[in-house]
Each structure stands twice: as structure tokens, then as C-alpha cells.
Amino acid sequence: MKKTHHMQNEIVYQIYVRTFSPEGTLARATALLDHVAASGATVAYLAPVTEMDEDTNPENWSDRQKAFGYGNPKNAYRMKDYFHVDPEYGTDADLRAFIARAHELGLKVMMDLVYLHCGPKAPMLYAHRDFCEWDAGGRPKNAAWHFPKLNYASAALREYLWGNMVYFVKDLHVDGFRCDVGDQIPLDFWQEGVRRVRAVNPNVMMLNEGKKDDYLSVFDANYGWDWSERTRPLVRGEETAAEVRALLEAYAQCRAGRVIMMSDNHDYASDDGDARLEKQAVSPAATDAVMMLNFLLPGVPFLYNGQEFADAHNCNMFTNRFFHPGNCVDWSMLQTARGKQRFALVQALSALKKSHPALHSAASCDFPTDGNTDALLTFVRASGSDRLRVTVNLGSTDATVPPAGDVLLQNACCGATLAPFGWMICRG
């Protein structure tokens with residue numbers, strides 16, 4: 001299989017439908033796609049929208065689902081049917097309309113595949129007993145999260161799921177897949193699945209929610225969990241530039257940009273609750289600096305549900321318009337000075353990434369000794385004659401940095417002085 005990196009120039013925007021708007025529907029998400037496109041994103045990644053298992057027995061709920069206490073039996077990552085839209089979100093026609101509108105706006109669409117497990121009431125388990133293993137009491141054996149584990153020793157199961165992948169690409173014209181805990185599923189399953197969907201569309205994107213490097217033989221990118229976890233203490237001022245640089249140097253050497261650079265998603269938003277990343281930060285400049293790094297370092301930038309205008313509202317993944325309504329993106333934030341400033345920054349970073357080959361994820365990334373200290377992080381991205389130097393102050397006091405060429409973009413910067421979490425991007 002040709003190891004082509006289909007995602008290297010993409011900017012991914014995750015839409016978690018039930019918290020993306022008060023309505024929590026695909027129809028409303030479709031209406032908001034103009035905003036997604038205006039942010040500069042190129043991929044609309046749609047978290048699962050197919051039918052959820054409605055089993056009300058808490059023994060079959062994930063621990064987090066129970067701990068949050070909202071009482072919603074439906075979990076977007078516990079599937080009942082892989083082919084049809086859950087009525088909470090709308091209809092199959094609504095999904096087709098979402099995809100069509102995204103394509104009109106020049107956005108690619110990525111669907112979420114949840115293939116490690118399913119729900120206990122999924123009809124396919126009872127129609128095809130080999131799709132999972134059963135205990136002595138006649139109950140499906142569970143994987144993590146107390147959900148029935150799918151049985152990849154079953155050739156029929158594999159065919160069923162490959163058919164699901166092909167359906168999305170051939171019939172719905174989906175452009176790619178984000179694969180939930182993808183590297184807990186056998187690699188040879190993905191090899192054949194990718195072969196089949198790329199026979200329909202050679203440019204199908206594959207994103208693994210996992211970190212095993214051998215899965216990059218099939219996937220275009222893995223999740224950068226190490227970086228995502230680092231962003232929280234980073235915005236709180238608890239990381240030195242030297243500590244951050246050690247991780248980033250390892251990323252640059254071993255993964256060649258094939259990693260998702262993310263600081264928020266549905267899991268983090270749920271776990272953070274009322275203490276979202278924007279609220280944890282020592283200053284707005286801190287989260288802006290992380291956003292800049294997500295875009296400028298090797299990898300695929302990732303935006304989540306209102307992050308592009310600094311939304312910090314509680315957006316728990318187990319709430320919706322029926323269970324604790326109001327836990328959703330606060331769209332009024334987009335009209336505030338802070339929201340407008342962040343949105344303009346995201347647009348500028350998106351434009352910069354698209355216009356500079358040096359910022360494509362496969363371009364080189366070096367960390368020169370001049371400009372790297374315990375407070376300052378400096379890296380140089382280059383591709384051919386295109387060369388950009390980025391410096392960010394991760395210290396707690398002002399730092400002086402002579403510009404190394406024409407300044408293309410800067411933040412919390414006055415001349416050559418970078419305030420804490422200030423940064424500048426220079427040509428040359």
C-alpha cells in the first residue's frame with residue numbers, strides 16, 4: 001500500500017453535534033458550516049451521528065457516563081446501528097444535506113468509526129452471534145467502558161464493517177474517517193478496509209485515535225496525545241520551554257508531521273467541565289500561544305466546537321437538549337472582543353499555513369541553539385526556499401528577541417520584546 005500522507009495540508013474542525021448548538025441537530029450544524037469554512041478549516045470532522053444504543057441499565061454505561069450523573073442513556077460512542085442517523089440528530093437525509101453543503105463550501109467531511117465495541121442492544125449481535133463473544137449467561141463479553149467487544153476473529157464481522165466503510169465513501173461521498181481507539185483494532189483489518197475505500201476514492205483520509213507508530217503504515221496521522229496532555233500545564237505556566245522542546249523534537253524526528261496537534265476535543269471538554277482550557281490559562285495569550293503552536297509545528301491543526309472563538313462553556317458530551325440542556329457552545333462569545341480576536345487569529349494562522357510550504361506538516365522542523373532557552377522556544381520550518389522562524393516566550397517575564405527577518409505575524413509582542421506567552425513568526 002502506498003504510504004501517502006493524505007492529511008498533511010489539512011486543518012481539521014471537530015463538530016460534536018449535540019453540544020455544537022442548543023438544537024443539537026445535523027440541520028443546525030449544516031447551517032453553521034459557513035462559519036466553519038470561514039475559520040479556515042478544510043475538514044469538517046463529524047463525531048458519531050449514527051444510531052446510539054438506548055439501553056437504560058447503568059451497568060452497561062461507561063464509568064464516566066455514570067459519574068457525570070446526567071442520566072442520559074445514549075452515548076455517541078456506543079452504537080446500535082452503523083448505517084442510519086440517530087433521531088436525536090435528525091435523519092439520513094439530514095446527513096446527506098450536511099455532506100453536500102460541506103462540499104459546496106470546499107470542506108471535506110470526515111466521519112467517526114467506532115469499531116472496537118458497540119451497544120448491548122445492537123441487532124447485529126443477535127442476528128450474527130459470531131460478531132462478539134458471549135459469556136455463560138448469554139450476555140455479550142465486554143471490552144473497555146462496559147460495552148460489547150466486537151470479535152475480529154469473525155470474517156463476517158469484518159465484511160460487515162468494511163461494507164459500512166464503503167457505504168460512507170461510495171454512497172454518501174464521505175472523504176475520510178477518524179477511527180475511535182483505532183490501534184486497539186487489528187492492523188490487518190484497517191489494511192483491507194483502507195484498500196477497499198481507496199479503490200472508490202484514492203484520496204480517502206485516515207486518522208487514528210491512537211499513538212502506535214506502526215499504524216502509520218495505514219493511517220495518515222495518529223493522535224498527538226503527549227502534546228495534548230502537555231498543553232494543560234503549559235497554559236497554566238507550569239512547563240519550561242526546554243521541557244516542551246524535548247517532546248517536540250521527538251515528534252519532529254519520528255513522525256514527520258503525521259500527528260494531530262490538538263488542545264481540545266469532546267473528551268477534554270467533558271472532563272474539564274466548568275474549568276475549560278481557556279479558564280485554566282494564566283492569560284488569554286497562553287491559549288493563543290498554544291493555538292499558534294498547533295498550527296505552526298509539524299502536524300495537522302485541530303479545532304473543536306467553538307475553540308476558534310475561545311468558547312469556555314461547559315460542553316459535556318453526555319448532555320443534550322433533553323438531558324441538561326444548555327451545556328453547549330456559547331455562540332454569543334463570537335460577538336465579544338475576545339471571541340473576535342481569537343477568531344481573527346485562527347483565520348490568520350489558517351491563511352499562513354495554506355500559503356507557506358514551510359508549514360506543510362511534512363516540511364522540516366529544526367530547533368536552533370540560538371534562541372532556545374528555559375524560557376524561549378524557537379523552531380525553524382523550511383521547505384525549499386520557504387523558511388519561517390518562530391519564537392515564543394514560555395517564561396513568566398518579558399524576553400527580548402531580535403527579529404530574524406520580516407515579521408509575518410505576532411502576538412503579545414512590542415518590537416523585539418515578547419511578553420509572557422508572546423510570539424513572533426518571521427520570514428527567513
Side-chain angles (χ1 to χ4, degrees), residues 1 3-8 10-14 16 43 45 47-48 62-64 77 110-117 143-145 147 149-150 152 176-191 193-194 204-235 239 243-272 277 290 293-304 307 317 360-363 365 367 379:
M1 184 178 296
K3 297 178 184 178
T4 302
H5 184 4
H6 296 82
M7 295 185 66
Q8 71 164 324
E10 306 294 356
I11 301 168
V12 177
Y13 188 110
Q14 182 188 3
Y16 192 82
V43 177
Y45 151 40
S62 71
D63 291 338
R64 283 198 306 167
Y77 287 87
M110 179 179 286
M111 296 284 287
D112 214 327
L113 300 181
V114 188
Y115 284 176
L116 178 67
H117 49 244
W145 303 289
F147 303 158
K149 183 177 182 179
L150 295 177
Y152 281 88
F177 299 107
R178 178 267 192 189
C179 302
D180 191 58
V181 289
D183 58 18
Q184 294 186 38
I185 293 166
L187 182 57
D188 64 348
F189 168 82
W190 293 121
Q191 289 170 335
V194 171
V204 166
M205 300 172 292
M206 295 295 297
L207 171 59
N208 175 31
E209 192 214 12
K211 56 192 292 185
K212 293 180 180 177
D213 286 337
D214 59 334
Y215 274 61
L216 292 175
S217 64
V218 174
F219 286 92
D220 297 304
N222 281 340
Y223 264 47
W225 289 123
D226 297 332
W227 168 248
S228 301
E229 294 294 338
R230 188 66 61 88
T231 61
R232 272 138 183 81
L234 181 58
V235 301
E239 295 275 349
E243 291 170 328
V244 174
R245 185 168 62 253
L247 170 65
L248 296 175
E249 285 180 321
Y251 267 17
Q253 290 169 6
C254 73
R255 295 180 183 171
R258 299 177 63 181
V259 62
I260 285 286
M261 300 301 286
M262 175 184 77
S263 50
D264 203 6
N265 72 348
H266 62 281
D267 286 314
Y268 285 120
S270 297
D271 292 337
D272 288 344
L277 190 69
V290 167
L293 292 172
N294 286 344
F295 272 82
L296 276 292
L297 287 162
V300 181
F302 187 102
L303 298 163
Y304 174 68
Q307 188 183 16
M317 65 186 289
H360 292 175
S361 59
C365 181
F367 297 83
F379 57 94

> Between atom CG of Leu293 and atom CZ of Arg230, what is the distance when rounded to the nearest 0.5 Å?
Replying inline: 12.5 Å
> Quick one: CG on Asp264 to CD on Gln14, what's the gap to the nearest 0.5 Å?
Replying inline: 9.0 Å
>> Under a 3.5 Å threshold, yes or no: a donor from one side chain and an acceptor from the other, between Trp227 and Asn294?
In response: yes
>> Classify the ring geometry of Tyr215 against Phe219: parallel below 30°, tilted from 30° to 60°, perpendicular beyond 60°.
In response: parallel
> For Leu116, does its backbone N or O pair with a side-chain atom of Asp180 as donor and acceptor, under 3.5 Å?
Replying inline: no
> Do you know which two heavy atoms are closest between Asn222 and Gly210, and how far apart they sit?
Replying inline: CB-O, 3.1 Å
> Counting only N and O atoms by type, is there a donor-acceptor contact under 3.5 Å from the side chain of Ser361 to the main-chain atoms of Gln8?
Replying inline: yes
> Distance from Arg258 atom CZ to Asn208 atom CG, nearest 0.5 Å?
Replying inline: 11.0 Å
> Run the side chain to side chain contact (heavy atoms under 4.5 Å, CB included) check on Tyr268 and Glu229 step by step: do they pass?
Replying inline: CA-CA 10 Å; Tyr268 285 120; Glu229 294 294 338; 2.9 Å; yes
> Just wondering, do Val181 and Tyr223 contact through their side chains at under 4.5 Å, heavy atoms?
Replying inline: no
> Considering all heavy atoms of both residues, which atom of Phe379 and which atom of Leu296 are nearest to each other, and what is their separation?
Replying inline: CE1-O, 3.8 Å
> What pair of heavy atoms forms the shortest contact from Arg64 to Asp267, and how long is it?
Replying inline: NH2-OD1, 2.6 Å
> Between atom CG of Asp271 and atom NE2 of His266, what is the distance when rounded to the nearest 0.5 Å?
Replying inline: 9.5 Å
>> For the CE atom of Met7 and the CG atom of Leu207, what is their distance to the nearest 0.5 Å?
In response: 5.0 Å
>> How close do Ser228 and Met262 get, counting heavy atoms only, and between which atoms?
In response: OG-O, 2.8 Å
> Can you check side chain to side chain contact (heavy atoms under 4.5 Å, CB included) on His6 and Met206, steps first, answer last?
Replying inline: CA-CA 8 Å; His6 296 82; Met206 295 295 297; over 6 Å; no
> Distance-only, no hydrogens or angles: does the Trp190 side chain make a donor-acceptor pair with backbone N or O of Gly182 under 3.5 Å?
Replying inline: yes
>> Over 60° means perpendicular and under 30° means parallel, so tell me whether Tyr77 and Tyr16 are parallel, tilted or perpendicular.
In response: parallel
>> Any non-hydrogen side-chain atom of Glu209 less than 4.5 Å from a side-chain atom of Asp112?
In response: no
>> Taking the side chain as everything from C-beta on, heavy atoms only, tell me whether Ser263 gets closer than 4.5 Å to Leu234.
In response: no
> Arg232 and Asp272: which non-hydrogen atoms are nearest, and at how many Å?
Replying inline: NH2-OD2, 3.2 Å
>> Can you give me the closest heavy-atom contact between Gln191 and Val218, atom names plus distance?
In response: CG-CG2, 3.3 Å
> Which value, rounded to the nearest 0.5 Å, describes the distance between Gln307 atom CD and Leu277 atom CG?
Replying inline: 7.0 Å
>> In terms of relative ring orientation, are Tyr115 and Phe189 parallel, tilted or perpendicular, with 30° and 60° separating the classes?
In response: perpendicular
